[in-house]
Amino acid sequence: MEQIRTQVGIVGGGPAGLMLGHLLSLRGIHSFILEDRSQEHVIERVRAGVLEQSTVDLLHEVGLGDRLGREGLRHEGIYVAFGGERHRIPLAELTGGRAITIYGQNEVVRDLIDARAATAEPLRFEVDEVSIRDFDVQQPKIHFRHEGRHHELTCDFIAGCDGSHGICQPTIPAAQVKIYERVYPFAWLGILVDAAPSSDELVYSLHDRGFALFSMRSPHVTRLYLQVSPEEDIDQWSDERIWSELDLRLHTSDGWRPHRGPITQKGITRMRSVVVEPMDHGRLFLAGDAAHIVPPTGAKGLNLAMADVWRLAGALDKFYQSGSETELRSYSERGLRRTWRAQRFSAWMTSTLHRENSSGASGSSSAFEQRRQRAELEYLISSRAAMTSLAENYVGVPFD
Ligand code: FAD
Ligand code: DHB
């Protein structure tokens, strides 16, 4: 077995792992990133698109703002649609100028991989047989296989950035963690379309047939989502069926609807909330989806991952500068505060905008729930206080 040494071993080359590696390299701390998928797969995986203000600020601060500045779409508001009407929530006006930026997660990942390639710091794709050990003692180790050869990577710390199906979190003894979980009776069918967005801003819509979301990736690409049942089979959704359902759910009385075009990607994502407490165990620190999953309605997952690694990089820097572990020891507590805040907001957005038991064919929520949702949305658009509450959570509070 080949022996390697680094300061921070990072499992997972998604946004969390790559950003952590970047922040550490700026501080002169060595890391080794291991990713089990191919570089093409990681770059092409279509996922999040909404960056909070603090995520955008961080990307600029760490030298990753060039393409984001040119191609990212800054949005100062969103629409909430119900009862056939669209209502604008002026995010920037309500939050002292904070906004969101539309820039695909895969573009963030592409920029981070390019930045990594410009350093001498290692990033290995297509590794397998990854396992971690000795993370409750001084010299944790990661075993992995790359290009047929076995390696042992000895580190000072391990960062578990391997997402919701990774190996780091399940390696912590079950008695040492508490996992909170809620599974929602919904999923999102998402499509990417070669068509110019028909609205300058996102539209979150509640219709009797269920939730629909209008979003975008660029001036030429529209992104759309439909609430479907978690058991739904994507093969049952022809392009025509998707378009007619989107038309029904998004069409508003002013004649607005999304532009149609060729569908270039489609997929179904189930929804759940997960929180792992604590986020650390000895010298292993979990970050991003490895530590928490939020339903996508609040657009928080990628942004929480960025907040985690910003905090972790700061704490590791303190340790290497002064030997102090104080910040490392408060990493989990500070992260959980932000995580639960995001869970609250995401669960609220989800329950306000989705129809229970809707499979796209009929809205059979209880009559009470439907009236409650209607009252919630009417209050939202009529109260500056309610809109401000949504706005400050949606654009995100500063990293802490
Ligand atoms: P991941 O992106 O999952 O990265 C983990 C990496 O680890 C992966 O590359 C994986 O291949 C790798 N890995 C796994 N196991 C191993 C192993 N054993 N060894 C080595 N590598 C391993 N969030 C938002 O903020 N805004 C949005 O608008 C938004 N929309 C979304 C829409 C959809 C449809 C989906 C699915 C998610 C959305 N999210 C959104 C959530 C966001 O995509 C995730 O929160 C984000 O990807 C988390 O990043 P991560 O690096 O923690 O995890
Ligand atoms: C997108 C995804 C989300 O989860 C969301 O809440 C808004 C937009 C998107 O992919 O564009």
Side-chain angles (χ1 to χ4, degrees), residues 9-21 33-39 41-43 45-52 54-55 73 75 78 100-106 108-109 112-113 123-132 142-146 159-171 187-192 197 201-204 211 213-218 221-225 265-272 274 286-309 339 342 345-346 349-350 353 394 396:
I10 301 176
V11 185
L18 291 166
M19 180 56 119
L20 179 63
I33 306 179
L34 300 167
E35 165 58 48
D36 67 353
R37 308 303 294 259
S38 69
Q39 178 162 345
H41 177 87
V42 171
I43 290 180
R45 201 161 43 187
V46 180
R47 282 190 170 178
V50 175
L51 306 185
E52 289 180 359
S54 297
T55 300
L73 306 170
H75 286 190
I78 54 168
I100 54 153
T101 296
I102 303 299
Y103 190 67
Q105 172 170 328
N106 55 317
V108 175
V109 164
L112 282 163
I113 291 175
L123 161 59
R124 299 281 182 271
F125 290 98
E126 298 178 68
V127 301
D128 61 7
E129 297 183 21
V130 181
S131 64
I132 58 172
I142 306 176
H143 286 189
F144 66 98
R145 196 172 67 144
H146 185 239
C161 303
D162 49 350
S164 52
H165 302 292
I167 53 105
C168 290
Q169 185 275 315
T171 309
W188 278 14
L189 187 163
I191 59 169
L192 211 54
E201 293 174 337
L202 271 54
V203 183
Y204 285 81
F211 172 73
L213 170 61
F214 167 90
S215 180
M216 65 196 72
R217 283 296 176 273
S218 75
V221 176
T222 298
R223 176 86 167 137
L224 295 154
Y225 295 99
Q265 191 266 351
K266 53 174 141 169
I268 291 182
T269 311
R270 293 177 179 208
M271 288 165 67
R272 60 192 175 123
V274 176
L286 303 175
D289 278 15
H292 37 65
I293 302 167
V294 283
T297 328
K300 290 282 159 248
L302 170 63
N303 296 294
L304 273 179
M306 292 292 134
D308 284 348
V309 295
T339 301
F345 177 66
S346 305
M349 287 282 280
T350 302
L353 290 165
Y394 193 73

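When a residue number appears, it is its place in the shown sequence, counting from 1. Read the numbers this way: they start at 1 and go in the same order the structure lists the ligands and their atoms.
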Report summary line: Atoms of ligand 1 under 4.0 Å from any heavy atom of G288, numbered from 1 in the order shown, are 52 (O)
Report task. Determine, using heavy atoms of R45 and all atoms of ligand 1, whether some pair is separated by less than 4.0 Å. Result -> yes
**Report entry** ligand 2: protein residues within heavy-atom distance under 4.0 Å
**Finding:** R47, G49, V50, W188, L202, Y204, L213, S215, R217, R223, Y225, P296, T297, A299
**Report entry** Side-chain heavy-atom pair W188, M271 within 4.5 angstrom cut-off
**Finding:** yes
Query raised in the report: Where do H292 and L304 land on the side chain to side chain contact (heavy atoms under 4.5 Å, CB included) test, with the steps shown first?
Result: CA-CA 9 Å; H292 37 65; L304 273 179; 3.7 Å; yes
Report task. Please examine the side chains of Y225 and T297, heavy atoms only from C-beta on, and report whether any two atoms are closer than 4.5 Å. Result -> no
Report task. Quick one: look up the protein heavy atom nearest atom 13 (N) of ligand 1 and list residue, atom name and how far away it is. Result -> D36 OD1, 3.5 Å
Query raised in the report: Counting from 1, what ligand 1 atoms have a heavy atom of V130 closer than 4.0 Å?
Result: 19 (N)
Requested in this report: Considering the heavy atoms of L34, write down every atom of ligand 1 situated less than 4.0 Å from one of them.
Outcome: 20 (C), 21 (N)
Requested in this report: Decide yes or no for E201 and I78: does some side-chain heavy atom of the first lie under 4.5 Å from some side-chain heavy atom of the second?
Outcome: no
Query raised in the report: Against heavy atoms of Q105, which atoms of ligand 1 measure under 4.0 Å?
Result: 2 (O), 42 (C), 43 (O), 46 (C), 47 (O)
Report summary line: atom 52 (O) of ligand 1: closest protein heavy atom, distance to 0.1 Å, is D289 N, 2.8 Å
Query raised in the report: Does one side chain, of Y394 or Y204, offer a donor that lies under 3.5 Å from an acceptor on the other?
Result: yes
Report summary line: atom 40 (C) of ligand 1 has as its nearest protein heavy atom A48 CB, 3.1 Å
**Report entry** D162 side-chain N/O to L34 backbone N/O, donor-acceptor pair under 3.5 Å
**Finding:** no
Report task. Check each of M306, K300, E35 against atom 8 (C) of ligand 1 and report the one with the nearest heavy atom. Result -> E35
**Report entry** Identity and distance of the protein heavy atom lying nearest atom 51 (O) of ligand 1
**Finding:** A16 N, 2.9 Å
Report summary line: Residue set satisfying side chain to side chain contact (heavy atoms under 4.5 Å, CB included) with I132, at least two apart, ordered chain then number -> V11, F135, I142, I158, I167, C168, T171, L284
Query - Those atoms of ligand 1 less than 4.0 Å from some heavy atom in G49 - result: 27 (C), 28 (O)
Query raised in the report: Stepwise, does the side chain to side chain contact (heavy atoms under 4.5 Å, CB included) test hold for Y103 with T55?
Result: CA-CA 11 Å; Y103 190 67; T55 300; over 6 Å; no
**Report entry** Inter-residue atom distance I102.CD1 - S215.OG, 0.5 Å rounding
**Finding:** 4.5 Å
**Report entry** For atom 5 (C) of ligand 1, the option (of G12, C161, G190) bearing the nearest heavy atom
**Finding:** C161
Report summary line: Among non-hydrogen protein atoms, atom 24 (C) of ligand 1 lies closest to L302 N, 3.2 Å
Query raised in the report: Nearest to atom 32 (C) of ligand 1, what protein heavy atom do you find, and at what distance?
Result: Y225 OH, 3.7 Å
**Report entry** Within-4.5 Å side-chain heavy-atom neighbours: L51 and I100
**Finding:** no
Requested in this report: Under the side chain to side chain contact (heavy atoms under 4.5 Å, CB included) rule, what do K300 and E52 come out as? Steps first, then yes or no, please.
Outcome: CA-CA 8 Å; K300 290 282 159 248; E52 289 180 359; 2.8 Å; yes
Query raised in the report: H146 and side chain to side chain contact (heavy atoms under 4.5 Å, CB included): which partner among D128, V127, V130?
Result: V127
Query raised in the report: Which protein non-hydrogen atom lies closest to atom 36 (C) of ligand 1, naming both residue and atom, and how far is it?
Result: T269 CG2, 3.6 Å
Query raised in the report: Heavy atoms, side chains only, cut-off 4.5 Å: are R124 and I33 in contact?
Result: no
Query raised in the report: Considering only heavy atoms from C-beta outward, does the side chain of Q39 approach that of I113 to under 4.5 Å?
Result: yes
Report task. Could you tell me the residue and atom name of the protein heavy atom closest to atom 1 (P) of ligand 1, and the distance to it rounded to 0.1 Å? Result -> R47 NH1, 3.4 Å
Query raised in the report: With distance as the sole test, does E35 use its side chain to make a donor-acceptor pair with the main-chain N or O of F125 at under 3.5 Å?
Result: no
Query - Interatomic spacing from CZ in R37 to CD1 in I43 - rounded to 0.5 Å - result: 14.0 Å
Requested in this report: Run the contact test for F144 against ligand 1 with a 4.0 Å cut-off on heavy atoms, strictly below, and give the result.
Outcome: no
Query raised in the report: If we only count N/O pairs under 3.5 Å, is P15 in contact with ligand 1?
Result: yes
Query raised in the report: Hey, is D162 touching ligand 1 through its side chain, its backbone, both or neither, going by heavy atoms under 4.0 Å?
Result: both
Query - Polar contact flag for H165 and ligand 1 (N/O pairs, less than 3.5 Å) - result: no
Report task. Mark up the atoms of ligand 1 that fall under 4.0 Å of a heavy atom belonging to R37, in ascending order. Result -> 11 (O)
Requested in this report: Enumerate the atoms of ligand 1 whose separation from the nearest heavy atom of I167 is less than 4.0 angstrom.
Outcome: 18 (N)
Query raised in the report: M216 and V221: side chain to side chain contact (heavy atoms under 4.5 Å, CB included), yes or no, with the steps?
Result: CA-CA 6 Å; M216 65 196 72; V221 176; over 6 Å; no
Requested in this report: Return yes or no for this condition: an N or O of G166 is under 3.5 Å from an N or O of ligand 1.
Outcome: no
Report task. Between V11 and ligand 1, find which residue part has any heavy-atom pair under 4.0 Å and reply side chain, backbone, both or neither. Result -> side chain
Query raised in the report: Considering only heavy atoms of G163, which atoms of ligand 1 have at least one such atom less than 4.0 Å away?
Result: 3 (O), 5 (C), 53 (O)
Query raised in the report: Looking just at side-chain N and O atoms, do D289 and S164 make a donor-acceptor pair shorter than 3.5 Å?
Result: no
